[in-house]
Amino acid sequence: MFLRKYGAKSMNKKKYTLRYLPLFGKDLTEAVNYIAVTLQDPITAERLVDEVEASIEKRLEMPKAFAPYPSTKPRKYPYYRINVRNYAVFYVVIGNVMEVRRFLYSKRNIDELL
């Protein structure tokens with residue numbers, strides 16, 4: 001009943017700009033190179049990049065709709081996490097900017113790296 005009366009058309013949708021930090025690019029490049037070169041599986045590496053890109057684009061629609069990542073350090077902007085396969089994309093929201101900061105293997109000590 002609520003959705004019929006107040007449907008999505010009446011809700012204001014905030015637009016977010018996407019920004020990538022160089023460290024994210026470095027993290028992603030290292031992971032992709034490891035999969036493509038060391039594991040000799042360039043097709044899987046390419047699929048990973050496609051999935052990461054699609055996941056980030058989807059989250060850009062509503063980046064604060066998910067619970068912040070429980071960080072052990074005090075932060076001005078809370079981190080949010082996107083899980084993609086065995087990896088995690090970390091980003092913050094600053095005003096109307098979704099800033100993608102890290103791409104980390106989920107089995108690593110993430111708290112130490114953030």
Side-chain angles (χ1 to χ4, degrees):
M1 189 69 157
F2 178 82
L3 290 177
R4 286 188 199 141
K5 186 174 180 183
Y6 298 104
K9 291 180 184 176
S10 67
M11 295 178 172
N12 289 333
K13 202 171 189 184
K14 187 173 182 180
K15 298 282 185 185
Y16 291 90
T17 302
L18 186 59
R19 177 171 51 216
Y20 294 93
L21 289 189
L23 187 54
F24 169 80
K26 181 179 179 278
D27 291 341
L28 182 60
T29 299
E30 287 174 1
V32 167
N33 284 342
Y34 176 77
I35 294 167
V37 178
T38 305
L39 300 180
Q40 298 181 357
D41 194 350
I43 293 170
T44 298
E46 186 175 331
R47 284 187 192 140
L48 177 62
V49 171
D50 291 343
E51 287 178 36
V52 168
E53 184 178 77
S55 297
I56 291 170
E57 288 291 327
K58 184 174 182 177
R59 184 66 64 95
L60 184 61
E61 295 171 10
M62 295 188 337
K64 287 186 165 183
F66 298 83
Y69 179 75
S71 180
T72 57
K73 300 174 188 173
R75 301 185 183 280
K76 184 174 181 178
Y77 304 106
Y79 273 87
Y80 293 88
R81 179 181 186 154
I82 304 170
N83 294 316
V84 180
R85 295 190 194 184
N86 293 330
Y87 294 90
V89 175
F90 289 93
Y91 67 92
V92 298
V93 178
I94 304 169
N96 69 334
V97 176
M98 179 177 151
E99 184 177 86
V100 181
R101 293 187 169 184
R102 296 299 309 259
F103 180 77
L104 301 172
Y105 184 64
S106 295
K107 304 287 186 208
R108 295 181 73 184
N109 186 347
I110 291 174
D111 284 334
E112 186 178 295
L113 297 169
L114 287 180

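Just so you know, these numbers use all the heavy atoms, side chains as well, and skip hydrogens, waters and symmetry mates.
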Quick one: are [X] and [Y] in side-chain contact, heavy atoms under 4.5 Å?
X: Ile56; Y: Met98; value: yes
X: Val93; Y: Tyr77; value: no
X: Glu99; Y: Leu21; value: yes
X: Arg102; Y: Leu23; value: yes

(message) Nearest 0.5 Å, please: how far is CG in Asn96 from OG1 in Thr17?
(response)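 Between atom OG1 of Thr17 and atom CG of Asn96 there are 4.5 Å.
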(message) If hydrophobic clusters are built from ILVMFWY residues whose side chains come within less than 4.5 Å, do Val84 and Leu18 share one?
(response) yes
(request) Determine whether Leu28 and Leu60 fall in the same hydrophobic cluster, where Ile, Leu, Val, Met, Phe, Trp and Tyr are linked whenever their side-chain heavy atoms lie under 4.5 Å apart. (result)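 Yes, it is one cluster - the side chains of Leu28 and Leu60 are joined through contacts under 4.5 Å.
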Give me the atom names and distance for the closest heavy-atom approach of [X] to [Y].
X: Ala31; Y: Phe103; value: CB-CE2, 3.7 Å
X: Pro68; Y: Pro78; value: CB-CB, 3.9 Å
X: Val97; Y: Arg19; value: CG1-NH2, 3.4 Å
X: Ala88; Y: Phe90; value: CB-CE1, 3.5 Å
X: Tyr16; Y: Lys64; value: OH-CD, 4.5 Å

(request) Check whether any side-chain N or O of Tyr91 sits under 3.5 Å from a backbone N or O of Pro63 as a donor-acceptor pair, and report yes or no. (result) yes
(message) Using the side-chain contact (heavy atoms from CB on, under 4.5 Å) criterion, which residues pair with Arg85? Sequence neighbours excluded.
(response)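 Once residues adjacent in sequence are excluded, the partners of Arg85 under the side-chain contact (heavy atoms from CB on, under 4.5 Å) criterion are Thr44, Arg47, Leu48, Glu51.
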(request) Among residues two or more places apart or on two chains, list those pairs meeting ring-ring contact (aromatic ring centres under 6.0 Å, His included) that have a residue in residues 40-67. (result) none
(request) List the steps, then state whether side-chain contact (heavy atoms from CB on, under 4.5 Å) holds for Tyr105 with Asn86. (result) CA-CA 6 Å; Tyr105 184 64; Asn86 293 330; 3.6 Å; yes
